[in-house]
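First comes the structure, then the notes that go with it.
Just so it is clear, the model here is predicted, and its values are computed rather than measured.
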Amino acid sequence: AIQALTKNVVAISNMIGALLILGLPMGLYSKFLVEERERSERLLHNIMPKEIADRLKGERKSIALDNPDVSVLMADIVNFTAYSEKVSADEVVALLDGMFSRFDDVVDEYGVEKIKTIGDSYMIVAGVPTHREDHATVLYRLSSELHKIANEFRDNQGNPIKLRIGINSGPAVSGVIGKSKFAFDVWGDTINTAARLESLGEPGKVHISERTYQLIKEKFGLNLTQSEITMKGKGKVKTYLV
């Protein structure tokens, strides 16, 4: 009886040992796969809206959206080219990384979408991919935060950094195209006009279009003097500086 019991104990021990030898690595590998999948999803959500990322995982074709009413904010650092020529590459990258990281935090807080950075330009859209009624007012509020953050940084002469900001509202097309290094982007005349408003604006101010002004003036009690600027391809355009 003792001999039979010993055989059973040995057999059970061998079975448990085999399970541990085979099961533990498989368990660890499964855990690793789950963690890597979660990490990949976090990275994907960092470069495009979650709704678009989820669609992209399930679709292999290009994704295109019609957005009938959005607002676009373009921000640019004043005299950045002159600054970058007088300081080291490390200082240039440190400034952009420090400032734009703070911008990213504010964008997340306000629930809008950072589209991309191009050099020292920072582009934000509200109302994409999901429509929101306050797309113009939320970007106008956010513009004040961007100015405050920029003023906390200094140029090579110790002066506060200033931004030029342009905001425009209207229809746009958005989506994801390509197979490699793809990204969510927005296109259309609304975006082009916002970029021109920014370039024709003044340091420390927000240059808004007539359309954006009509959407926000009652909300903020604005009573601004209208001006006209000449815009390439558009001629005379009514705008407001805040």
Side-chain angles (χ1 to χ4, degrees), residues 64-84 103 106-107 110 112-129 131-151 159-175 184-242:
L65 302 173
D66 284 317
N67 310 107
D69 202 13
V70 304
S71 287
V72 185
L73 182 153
M74 299 290 292
D76 183 80
I77 299 175
V78 177
N79 296 327
F80 179 77
T81 300
Y83 165 80
S84 63
F103 286 2
V106 175
V107 165
Y110 277 73
V112 293
E113 294 296 334
K114 169 189 174 182
I115 299 301
K116 58 188 172 184
T117 61
I118 306 173
D120 62 311
S121 296
Y122 193 100
M123 178 179 173
I124 308 169
V125 175
V128 173
H131 176 70
R132 55 186 295 173
E133 293 294 332
D134 66 340
H135 55 87
T137 57
V138 71
L139 286 192
Y140 182 71
R141 285 197 182 98
L142 190 147
S143 66
S144 297
E145 297 293 332
L146 300 186
H147 278 309
K148 290 177 184 176
I149 291 170
N151 287 339
N159 300 314
I161 296 293
K162 289 188 177 297
L163 303 175
R164 277 189 304 264
I165 294 179
I167 303 178
N168 185 36
S169 305
V173 175
S174 63
F184 182 73
D185 208 345
V186 184
W187 305 274
D189 183 66
T190 299
I191 288 79
N192 296 336
T193 300
R196 289 169 184 160
L197 287 169
E198 173 270 307
S199 64
L200 295 171
E202 294 182 9
K205 293 188 177 183
V206 182
H207 199 188
I208 60 178
S209 65
E210 172 71 17
R211 170 62 176 159
T212 301
Y213 177 68
Q214 294 301 326
L215 291 173
I216 69 173
K217 65 177 183 179
E218 293 183 4
K219 184 73 174 180
F220 296 99
L222 298 178
N223 186 17
L224 305 176
T225 302
Q226 186 183 85
S227 61
E228 284 191 346
I229 61 170
T230 301
M231 194 174 289
K232 184 179 179 181
K234 289 181 171 292
K236 294 286 186 180
V237 177
K238 297 176 180 178
T239 65
Y240 301 81
L241 271 172
V242 188

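For the atom pair Tyr140 OH and Ile167 CD1, the distance stands at 8.0 Å (nearest 0.5 Å). We find the CE-CG distance between Met74 and Leu139 to be 12.0 Å, quoted to the nearest 0.5 Å. To the nearest 0.5 Å, atom CG of residue Asn159 and atom CG of residue Asn151 are 11.0 Å apart. Note that the CD atom of Glu202 and the CZ atom of Arg164 stand 10.0 Å from one another [nearest 0.5 Å]. With rounding to the nearest 0.5 Å, the separation of CD1 in Ile161 from OH in Tyr83 is 6.5 Å. Rounded to the nearest 0.5 angstrom, Met231 CE and Asn192 CG are separated by 10.5 Å.
For Ser143 against Val206, the heavy-atom pair with the smallest separation is OG-CG2, 3.5 Å. Heavy atoms only, all atoms of each residue included: Lys162 and Pro203 are closest at CD-CB, 4.1 Å. Met123 approaches Val72 most closely through the heavy-atom pair CE-CG1, 4.2 Å. Counting all heavy atoms, side chain and backbone alike, Gln226 lies closest to Glu210 at NE2-OE1, 3.1 Å.
The side-chain heavy atoms of Lys234 and Thr193, taken from C-beta on, include a pair separated by under 4.5 Å. Residues Leu73 and Ile165 are in side-chain contact: their nearest non-hydrogen atoms beyond the backbone lie under 4.5 Å apart. At a threshold of 4.5 Å between non-hydrogen side-chain atoms, the residues His207 and Leu200 count as touching. Proximity of Lys219 to Arg141: side-chain heavy atoms (C-beta onward) are separated by under 4.5 Å at one or more points. A heavy-atom distance below 4.5 Å is not found between the side chains of Ile115 and Ile191. Phe184 has its side chain within reach of Val128: a pair of non-hydrogen atoms, C-beta onward, lies under 4.5 Å apart. Considering only heavy atoms from C-beta on, Asp76 comes within 4.5 Å of Asp120 through its side chain. Using a 4.5 Å heavy-atom cutoff, the side chains of Tyr122 and Leu163 are not in contact.
Evaluation of the salt bridge (Lys or Arg N to Asp or Glu O under 4.0 Å) rule for Lys238 yields no partner, not counting sequence neighbours. Taking the side-chain contact (heavy atoms from CB on, under 4.5 Å) definition, one finds that Ala136 meets it with Ser71, Ser169, Thr212, Leu215, Ile216, sequence neighbours left out. Partners of Tyr213 by ring pair (Phe, Tyr, Trp, His ring centres under 6.0 Å), not counting sequence neighbours, listed by chain and number: Tyr240.
For Ser227 (side chain) and Thr239 (main-chain N/O), a donor-acceptor pair under 3.5 Å exists by modelled atom type. Using a distance-only test at 3.5 Å, with no hydrogens or angles considered, a donor-acceptor pair links the side chain of Asn168 to the main chain of Thr190. No side-chain donor-acceptor contact under 3.5 Å links Arg132 to the backbone of Ala126.
Atom CG of Asn79 has 12 or fewer heavy atoms from other residues, nucleotides or ligands within 6.0 Å. Within 6.0 Å of the CD atom in Glu228, the count of heavy atoms belonging to other residues, nucleotides or ligands exceeds 12.
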For this session: With side chain to side chain contact (heavy atoms under 4.5 Å, CB included) as the test, would you mind laying out the steps for Val70 and Val186 before giving the verdict?
Result: CA-CA 10 Å; Val70 304; Val186 184; 5.5 Å; no
For this session: Using the side chain to side chain contact (heavy atoms under 4.5 Å, CB included) rule, take Asp66 and Val173 through it: C-alpha gap first, then chi angles, then the decisive distance, then the call.
Result: CA-CA 5 Å; Asp66 284 317; Val173 175; 3.9 Å; yes
For this session: Evaluate the criterion side chain to side chain contact (heavy atoms under 4.5 Å, CB included) for residue pair Leu224 and Lys217; output intermediate values, then yes/no.
Result: CA-CA 9 Å; Leu224 305 176; Lys217 65 177 183 179; over 6 Å; no
For this session: I would like to know whether Lys236 and Thr230 meet side chain to side chain contact (heavy atoms under 4.5 Å, CB included); could you show each step before the answer?
Result: CA-CA 5 Å; Lys236 294 286 186 180; Thr230 301; 3.5 Å; yes
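For the residue pair Asp69 / His135, a side-chain donor-acceptor distance below 3.5 Å is found, with atom types taken as modelled.
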